[in-house]
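Please read the structure below before turning to the comments.
Order of listing sets the numbers, starting from 1, for every ligand and every atom in it.
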Amino acid sequence: METAHIENKKLAIGWFSFTCSEDSTILFTELLNKHFDEWKKLIDFRHIKSLKTKNELKDLDVAFVEGAISSPDQEKEVKEIRENTKYVVAIGQCACTGMPSASRNAFGDEEMDDRIKWYMDNFNYHQKVKKLEDVIKVDDKVEGCPMNVPKFMSVMEKYLKLFNIV
Ligand code: SF4
């Protein structure tokens, strides 16, 4: 059955980064160079700290989350994102699998030198870095280090269609 295209409805999205190198954020920004004119008619960029200062974490349709979760503060924040969005997409390998951000999980005692111990003692980090799915429900994954762009574009298209925007 064909569903009606909804006039003026935009896909409300958020883009969030946790423990990572933010390379997928750079790729997303590059995509905006090419697609912004088309996307601004279809997408409400409601929460993207890397692009704007005024952001709203409320009633998102899709939250794109990059990076692994490495501290209780991050865990709390990502749970709050989950409560305020209908769908969550894990972006990049760190969010999807934890790696490479979770490399320290494999360190033996002999590799935990004073510098690493100092960071662990002085910042509130988890003993183990977690992938996104360890903390919240994830609806879709865009793997790759950084993210696979054709897969990201197909996921974006999927949600634009799901919300009857295109
Ligand atoms: S998946 Fe790769 S590119 Fe993306 S944040 Fe992690 S290390 Fe960086």
Going by chain and number, the hydrophobic cluster around Ile26 (ILVMFWY, side chain to side chain under 4.5 Å) further includes none
Under the side-chain hydrogen bond (donor to acceptor under 3.5 Å, both in side chains) test, which residues partner Lys117, sequence neighbours left out?
none
Nearby protein N/O/S atoms (those under 2.8 Å) for atom 8 (Fe) of ligand 1, with water ignored
Ser21 OG
May I ask you to decide if Lys137's main-chain N or O and Arg82's side chain share a donor-acceptor pair within less than 3.5 Å?
yes
More than 12 non-hydrogen atoms from neighbouring residues, nucleotides or ligands closer than 6.0 Å to NZ on Lys54, yes or no?
no
Listed pairs under 3.5 Å, donor-acceptor, residues 146-155 side chains, sequence neighbours left out:
| from | atom 1 | to | atom 2 | distance (Å) |
| --- | --- | --- | --- | --- |
| Asn148 | OD1 | Lys151 | N | 2.9 |
| Ser154 | OG | Lys151 | O | 3.0 |

Take the angle between the ring planes of Phe28 and Phe45 and call it parallel below 30°, perpendicular above 60°, tilted in between.
tilted
